[in-house]
K.L.:
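Below you'll find the structure I mean.
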Amino acid sequence: MLDTHYDHFKVEQDKYEKWKEGNYFQAGLDKSKPPFSLVIPPPNVTGKLHLGHVMDTIPDDIICRYKRMKGFDVLWVPGMDHAGIATQAKVEQKLRAQGISRYDLGREKFLEKAWEWKKEYADTIHEQWAKLGLSVDYTRERFTLDEGLNKAVRRVFVTLYNEGLIYQGEKIINWDPVLRTALSNIEIIHKDDEGEFFYFLYDVEGTDKQLVVATTRPETMFGDTAVFVNPKDKRYKDLVGKMVINPANGDRIPLMADPYVDISFGTGAMKCTPAHDPNDFALAKKYGFPLIKVLDETAHMNELAGEYKGMDRYECRKALVEKIKAEGHLDHIEKMVHSVGHSERSDAVVEPMLSKQWFVKMKPLAERVLAQQKGDDPIVFYPKRFSKVLTRWMSTIEDWCISRQLWWGHRIPAYYDKETGEILVTEETPDMNKYVQDEDVLDTWFSSALWPFSTLGWPNVEAEDYKRYFPTSVLNTGYDIIFFWVSRMVFQSLHFTDKNPFERVIIHGLIRDEQGRKMSKSLGNGVDPIDVIQKYGVDAMRYFITTSSAPGLDMRYSEEKIASSQAYLNKIWNAARYVEMSLGEDYVPTTFAKKELGTLERFIIARLEETIKKVESKMEVYQFGAASSILYDFVYDDFCSYYLEMSKVSLTHKENEAVVKAVLYKVVKEIVLMIYPYVPFIAEEIYMSLPGHKASIMEESYPVYDASLIDRKAEKAGALLRTMIGDIRSTKSAKKMAPNAKVKLSISPKAPFKGIEEYLIRFVFASSVTIDKEAPKGDSLIYSGTTLTMIEDIDPSLLKEKLSKEAEVLKSEIARGEKMLSNPGFVAKAPKEKLELEKNKLEANKQKLSDVEERLKNL
RNA sequence: GGAUGCUUAGCUCAGCGGGAGAGCAUCGCCCUUACAAGGCGGGGGUCGUGGGUUCGAAACCCUCAGCAUCCACCA
């Protein structure tokens, strides 16, 4: 028997351990079942889980638990991501607090520290998975740096290299001067920063003219190779071809014309710094300019900056501007807001810099994805529009810079001959006496991109899991990592397995704080899921997170909604408690034949069956919000507020007892089974307290819709009684009668079903209910064929007011109906059922109106 | 500059072609033996603007406005 109150601490205790030990999470134990698989979006080993992870994983868990009940052999692969840059930054930060830099330790020692870090955080993450109740298969847990995944990474790298799709090249890349590594384009966050636009005067050689050139980056002027104007720009026509003097260092550089330059921007004259700007780099290639780097890897000036050597880029900027100003070459300075790239991890202003790095040639890979999405077997996105996010990105993509100057990650499998410097790219480690390995590691997303197949055993295509569970069934993740992760899994999977990595992608939005702001460390507005669990229970949080927003849209964290989720669970808890009390101690579950059922039993069973059908149809397409709200309405309105109350009367009759109990049992059990994927802990607790349970709710099947149990007539009659009760209550309220004021009721010409009197007596405090051929005088309510009359305490003026109001409403309804039905377009084009419905409604309303008018006259 | 989303009750949000919904808040009455984390009853919305399509529009199309996000550019 359940306790009086739902106590989430008690309910959540020990259950996860029990499930794990019962091997309920393990896949492949019964291979006669069809496979269903998914991979967890691997959390970074950088810290605690946050609400974003909850949104990533709880829908997955619901899917898994649902699919298991539906008879699938479900594999949910857990794992974690080494998160190269993020983890390395954290470990370095920790070391720095102890006054140590990574360079003090050296590569090997540093990696030891990183592995220690990983171990610690992996433990934390495991604990949190357990708290969340994630039903992942621990026998198949993976880590992006484990041996199997290493192998997959090397295979992919070497293959792409041999196919010419990975190359080493010297290009302008994004450089993080704090972490001292290259970054890919999408690891840059552009922010609108306030800056200054410096207008400098360049002397034009052989004339007395000066040219005004504007720049936001004076410190890069040491690397300038030319000044450009547009060939159509009349202002500078005469000057093109002359030499101008760089006011930073006195260099003579040519003034040239190129259509790239925008006449209307700035002064229309632009300096060209090939090694520190991607556009200038392209111009330099075109004209064969030298590429002059003036910054080192920490963004300090190098020897080309002369007296500024060793200065930070911003110090140099300040000092240089002062000098130029003093020399009379500063025209003016303008404030401007411009977009500046920051490193996603260190927030440092990223330096575009010429650098030798490894790249993936994206075009052929991206084209394959685009073809796939246009073809017969695209990956289905839900919501649909996110498919466009993928294809748009794929159609404008540039080569992917994959090398990172870090230590924590997959070392690039490229080796250089110590003697000749010749490069060798190979999966197997060569003779290290002869070779030295490339120092760099791969972008962490390089290994994440292989996650759906590398975790299943690839590159061994004969691996059992790979054969059975790949491609995976569904992937659930946030829209913010479609570029980072989803797109890369897609192209790598198509290239290496010739298959989509998953059939379907479900995209969720981000969770924001209660004011709608992004949760971030700097704002300190993050919500720790563990605190929420502590206060409301993990089930309430799971329910909230999966049911409080529409797919793909951002949601706000709302403590209020978590509390109301908890209240709902408490409701189910208590309904179950009532049922258990009604069943009694030694109840043995029995089935029932439809013909034994009374009207109200038929009503609730019909509603239950309809609910199962609707909920299931939403579950099948992973619309958890929609599914849960259908169930919610059934639980509250049909079951708790109505049938459960009615059953109190039914149970007073010995002859009904068995069948009412059987119905209560069936309904409450199936509610628990349907709610279970959302809230497994409380569902297990209730389930285990019901008679006739198995060892765990995890051994149960999903309720099966049975159309033969639906009796429409009884459903109507049941609904009628509910309407009558509601109407009598509100009539009393309108008449300022106490809710428990006694009234006499008359039903005419006959009862909707046998025994209805008793329910009315109990629930509207009727002193008597009679069945009469003719409706007596009184306050009548008419329900297609049945009249309910309430006699007693009638205050004529109040009644008159109420009836007049009712007549008004009816009149407008009739007018609407008549308008509709006299509209030839409607009659001709509306569906037949709708037409029928409207005709019947109009008839009924006319009948009601005439009745109301009759009563008004009688007053 | 390009793209996408949002605008519905006091607040937070569902609904997305056939008569406006939920939670919370609010008002009134109830400690009725499942539940006061509750029950019963009520109030509250010309569904951002303007047009169009349709027999019928909160929903579909276009316009505009506001808010948000992403991408690109920014010498």
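Naming: A, B, ... by sequence-line order, numbering from 1 per chain.
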K.L.:
Wobble G-U and Watson-Crick pairs count when both distances are under 3.5 Å; given that, what is the 5' to 3' dot-bracket string of RNA chain B, with | for pairing to other strands?
P.N.:
((((((((.[[[[.)..(..]]]].(((((.......))))).....[.[[[..)....]]].])))))))....

K.L.:
Taking the P atom in each of B/G21 and B/G44, what is the distance between them to the nearest angstrom?
P.N.:
14 Å

K.L.:
Pick base, sugar-phosphate or nothing for A/Asp633, based on heavy-atom distances below 4.0 Å to the nucleic acid.
P.N.:
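No contact at all - A/Asp633 keeps every heavy atom at 4.0 Å or more from the nucleic acid.
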
K.L.:
Looking at every strand, decide which applies to A/Lys648 at a 4.0 Å heavy-atom threshold: base, sugar-phosphate, or nothing.
P.N.:
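Base contact.
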
K.L.:
Is A/Glu398 atom CD crowded by more than 12 heavy atoms from other residues, nucleotides or ligands, each under 6.0 Å away?
P.N.:
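Count not over threshold, so no.
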
K.L.:
Please give the distance between the P atoms of B/G18 and B/C67 as a whole number of Å.
P.N.:
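Here B/G18 and B/C67 have their P atoms 32 Å from each other.
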
K.L.:
Taking atom C1' in both B/G23 and B/A65, what distance in whole Å separates the two?
P.N.:
30 Å

K.L.:
Treating A/Ser822 as the side-chain partner and A/Lys819 as the backbone partner, does any N or O pair qualify as donor plus acceptor under 3.5 Å?
P.N.:
yes

K.L.:
If the P atom of B/U33 is compared with that of B/G39, how far apart are they to the nearest Å?
P.N.:
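The same atom, P, in both gives a distance of 14 Å.
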
K.L.:
Which is true for A/Ala575 with a 4.0 Å heavy-atom rule: it touches a base, it touches only sugar-phosphate, or it touches nothing?
P.N.:
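Here A/Ala575 touches the bases of the nucleic acid.
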
K.L.:
Base, sugar-phosphate or nothing for A/Phe386? Non-hydrogen atoms, less than 4.0 Å.
P.N.:
nothing

K.L.:
Using the P atom as the point on both nucleotides, what is the distance between B/C13 and B/A9, in whole Å?
P.N.:
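Each nucleotide's P atom is 12 Å from the other's.
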
K.L.:
Looking across every strand, which nucleic acid part, if any, lies under 4.0 Å from A/Pro824 by heavy atom: base, sugar-phosphate, or nothing?
P.N.:
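No contact at all - A/Pro824 keeps every heavy atom at 4.0 Å or more from the nucleic acid.
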
K.L.:
Determine the contact category for A/Val261: base if any of its heavy atoms lies under 4.0 Å from a base atom, sugar-phosphate if only primed atoms, P, OP1 or OP2 are that close, otherwise nothing.
P.N.:
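The answer is base, as A/Val261 lies within the cut-off (heavy atoms under 4.0 Å) of a base atom.
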
K.L.:
Could you tell me how far B/C60 sits from B/A22 if I compare only their P atoms? Round to whole Å.
P.N.:
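That atom pair is separated by 22 Å.
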
K.L.:
A/Tyr536 near the nucleic acid: base, sugar-phosphate alone, or nothing, with a heavy-atom cut-off under 4.0 Å?
P.N.:
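No contact.
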
K.L.:
Under 4.0 Å between any heavy atoms, over every strand shown, what does A/Tyr557 touch: base, sugar-phosphate, or nothing? Just pick one.
P.N.:
nothing

K.L.:
Could you tell me whether A/Thr216 contacts a base, only the sugar-phosphate backbone, or nothing, with contacts defined as non-hydrogen atoms closer than 4.0 Å?
P.N.:
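Sugar-phosphate contact only - A/Thr216 comes under 4.0 Å of backbone atoms but never of a base.
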
K.L.:
Which part of the nucleic acid, if any, lies within contact of A/Tyr6, taking any heavy atom under 4.0 Å across all strands shown: a base, the sugar-phosphate backbone alone, or nothing?
P.N.:
base

K.L.:
What is the nucleic acid contact for A/Ser565, judged by heavy atoms within less than 4.0 Å: base, sugar-phosphate only, or nothing?
P.N.:
nothing

K.L.:
Rounding to the closest angstrom, what is the interatomic distance between B/C71 and B/G56 at atom C1'?
P.N.:
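40 Å, rounded to whole Å.
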
K.L.:
Within the structure shown, what part of the strands sits under 4.0 Å from A/Ser558 by heavy-atom distance: base, sugar-phosphate, or nothing?
P.N.:
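No contact.
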
K.L.:
Pick base, sugar-phosphate or nothing for A/Leu2, based on heavy-atom distances below 4.0 Å to the nucleic acid.
P.N.:
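Result for A/Leu2 = nothing.
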
K.L.:
Roughly how many Å apart are B/U54 and B/U46, using the P atom of each and rounding to a whole number?
P.N.:
29 Å

K.L.:
On the ring face of A/Tyr578, is A/Lys648 found with NZ or CZ under 6.0 Å from the centre and within 45° of the axis?
P.N.:
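Flagged: A/Lys648 positioned over aromatic ring of A/Tyr578.
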
K.L.:
Could you please name the option among B/U4, B/A37, B/C73 that lies closest to any side-chain atom of A/Asn570?
P.N.:
B/A37

K.L.:
Name the nucleic acid region contacted by A/Cys272, choosing base, sugar-phosphate or nothing; use a 4.0 angstrom heavy-atom cut-off, strictly under.
P.N.:
nothing

K.L.:
Could one point to a donor on the side chain of A/Glu645 or the base of B/A34 with an acceptor on the other under 3.5 Å away?
P.N.:
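Under the 3.5 Å cut-off, the side chain and the base do form a donor-acceptor pair.
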
